[in-house]
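All values reported here derive from a predicted model rather than from experimental measurement.
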Amino acid sequence: MIPAQLICKKRDGGELSADEIRAFIAGVTDGTLRDYQIAAMLMAIFFRGLSGAELATWADAMTRSGDVLDLSSIPRAKVDKHSTGGVGDKISIPLAPAVAACGVAVPMVSGRGLGHTGGTLDKLESIPGFSVNLSIERFIEQTGRLGTCLIGQTERIAPADKSLYALRDVTGTVESVPLIASSIMSKKLAEGIDGLVLDCKVGRGAFMKTIDRAKELCAAIAQIGHAAGKRVTCVLTAMDEPIGRTIGNALEIRESIEVLRGGGPADTRELTCVLGGEMLVLGGVVPDAAAGAARIAEVLANGAALEVFRQVVAAQGGNPEVCDSPGRVLPKAAHRQELSLPPGTITAIDSEKLGLAALLLGAGRVRKEDVIDPAAGLVVDAYVGEVIGKDAPPSVLLHHNLPEGDARVTNARALILGAFFLSLIHISE
């Protein structure tokens, strides 16, 4: 392989052969390709795209750059869910145990948060002692025994993706749909799953801002999945306001446990049931999504999903008492400050600004090496369509451990106020 020839071929709109793609990804994985050569190819793909055949081969080569797990010892169907990320998106935490309680295994390899969206791993690690760094052998054993296990990406799972992702982040090629789709699917296919439900967020607070872009990503994901012989379903979720009422790691765990108890905010519970219903369809245990959603609602209401989560927490080193007394077990912020909105009707919410406000308070990271404060975040008791009265209680509660007078708190409050669009109430004399 002569890298420059492949780069020029793609730059000029040519189609790379399967052998050329596999050779290139092999060079990425073993380090024989230089960063500048990989970056040049990423930019060529950004502008020229990948054909259907190229995309399937590119994703397969990334998948096979490391270990592809063999879960054939687990008799249940194996189905995972992937979300493109959203503010307040804690759905994986109640979803995985709920689906497992219905008889479908959920081998879930999740990621960390970066920017204004949180990561499932960071949320789980706010439970004292909870470990997401398990061996592949323990991952397979626990998935078979409890029906689910939630870990982070290991060095053995799609290592080519790790190299490509790091370069995409610094070369302006993150937004490429084929690169996004192959990144997602390489990790998911390496899990050894039978099917995948993609939760594609779309709207003001999402990575995909328009329906057309979201549908383009869904089509690419489905194409890769079908080429690999996997069942794939895509669900579009509006991200024009936060999911649920909490933004921040320990706060979102608390809300997740409320859902696992059959309560919690209606939208969090609904999305859990919708996605879970689709996963049960792919797993072959229900005839349609409506029946699946009803099954998920049932195991949330009767405590079966909570019991699976309790066992998962204990198995992964966490304190299972979090299921009974989350307020006593989870970390708490030293400061809780109220913020009131002006009178009016909320017509829109900029979720991204709320996510950035939580990040300023310590709930997120700008760089991968940043340390997260698990107790920091927001509780948002306001939603689109709500009328805020003149003497209404505070709409947002800020949780943080920052020193008094810290500018980050001031800036976070300004972001929060700017996130809400209101039609003002005019009070007559």
Side-chain angles (χ1 to χ4, degrees), residues 59-60 63-64 66-83 91-111 120-121 124 130-158 184-199 221 224-226 228-233 260 272 275-287 289 291-292 295-296 298-300 304-318 320:
D60 184 67
T63 300
R64 298 180 187 281
D67 292 349
V68 178
L69 305 189
D70 180 4
L71 303 185
S72 59
S73 61
I74 300 173
R76 310 189 202 189
K78 280 74 69 175
V79 180
D80 196 3
K81 183 271 302 183
H82 179 81
S83 169
I91 301 301
S92 289
I93 295 157
L95 178 66
V99 172
C102 294
V104 173
V106 185
M108 187 170 282
V109 178
S110 299
T120 298
L121 301 184
L124 290 169
F130 195 102
S131 174
V132 299
N133 301 311
L134 305 185
S135 68
I136 293 301
E137 292 72 23
R138 275 192 65 186
F139 175 70
I140 295 173
E141 184 277 330
Q142 182 179 312
T143 302
R145 179 167 51 88
L146 301 180
T148 188
C149 186
L150 301 99
I151 65 169
Q153 185 178 0
T154 73
E155 296 296 328
R156 293 164 56 183
I157 295 178
I184 291 170
M185 291 302 286
S186 63
K187 295 188 286 286
K188 293 302 178 183
L189 294 175
E191 293 174 355
I193 56 174
D194 302 313
L196 176 75
V197 172
L198 175 70
D199 178 17
I221 293 284
I224 293 170
H226 294 155
K230 308 299 180 182
R231 300 187 292 276
V232 178
T233 296
L260 285 164
T272 301
L275 295 175
E278 297 287 357
M279 292 173 73
L280 296 186
V281 172
L282 294 186
V285 299
V286 294
R295 284 282 301 277
I296 297 294
E298 181 182 348
V299 297
L300 292 176
L306 181 63
E307 181 55 31
V308 173
F309 185 65
R310 186 192 309 277
Q311 294 175 21
V312 168
V313 171
Q316 296 192 224

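Between Gln316 and Leu134 the shortest side-chain heavy-atom distance falls below 4.5 Å. For the pair Ile224 and Leu189, the minimum side-chain heavy-atom distance is below 4.5 Å. Residues Leu196 and Met185 meet the side-chain proximity criterion, which asks for heavy atoms closer than 4.5 Å. Residues Glu191 and Ile157 have side chains not in contact (no heavy-atom distance under 4.5 Å, counting atoms from C-beta outward). Looking at Thr233 and Leu198, their side chains never come closer than 4.5 Å, going by heavy atoms from C-beta outward. Counting heavy atoms from C-beta outward, Ile151 and Cys149 have side chains that approach closer than 4.5 Å. Side chains of Phe139 and Leu69 form a contact here, defined as non-hydrogen atoms less than 4.5 Å apart. Proximity of Val132 to Leu150: side-chain heavy atoms (C-beta onward) are nowhere separated by under 4.5 Å.
How far CD of Glu298 is from SG of Cys102: 7.5 Å, rounded to the nearest 0.5 Å. Note: Thr272 OG1 to Ile93 CD1 = 10.0 Å, rounded to the nearest 0.5 Å. Taking CD1 from Ile221 and NE2 from His226, the interatomic distance works out to 11.0 Å, rounded to the nearest 0.5 Å. Between atom NE2 of residue His82 and atom OG1 of residue Thr120 there is a gap of 9.5 Å, rounded to the nearest 0.5 Å. Taken to the nearest 0.5 Å, the CG atom of Leu95 stands 5.0 Å off from the CE atom of Met279.
Looking at Lys188, its side chain does come within 3.5 Å of a backbone N or O of Val109 through a donor-acceptor pair.
Closest heavy-atom contact between Ile74 and Ile140: CD1-O, 3.8 Å. The two residues Leu146 and Ala315 have their closest heavy-atom pair at CD1-CB, 3.9 Å. When every heavy atom of Ala289 is checked against every heavy atom of Glu278, the shortest pair comes out as CB-OE2, 3.6 Å. Across Leu260 and Pro97, no two heavy atoms sit closer than the pair CD2-CG, 3.9 Å. What you find for Asp67 and Ala190 is that their closest heavy atoms are O-CB, 3.7 Å. Across all their heavy atoms, Val308 and Ala100 have their closest contact at CG1-CB, 4.2 Å.
Atom CZ of Arg231 is surrounded by more than 12 heavy atoms from other residues, nucleotides or ligands within 6.0 Å.
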Candidate pair Thr148 and Phe309, rule side chain to side chain contact (heavy atoms under 4.5 Å, CB included), full reasoning: CA-CA 9 Å; Thr148 188; Phe309 185 65; over 6 Å; no
Check the pair Val79 / Ile193 against side chain to side chain contact (heavy atoms under 4.5 Å, CB included), numbers first and verdict last. CA-CA 6 Å; Val79 180; Ile193 56 174; over 6 Å; no
What do the steps show when you test Ile91 against Ser83 for side chain to side chain contact (heavy atoms under 4.5 Å, CB included), and what is the final call? CA-CA 9 Å; Ile91 301 301; Ser83 169; over 6 Å; no
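Partners of Lys187 under the salt bridge (Lys or Arg N to Asp or Glu O under 4.0 Å) rule, at least two apart in sequence or in another chain, are Asp161.
Counting only residues at least two apart or in different chains, salt bridge (Lys or Arg N to Asp or Glu O under 4.0 Å) contacts with residues 144-155 comprise Glu141-Arg145, Glu155-Lys162. The salt bridge (Lys or Arg N to Asp or Glu O under 4.0 Å) analysis of residues 130-140, with sequence neighbours excluded, yields the pairs Glu137-Arg156.
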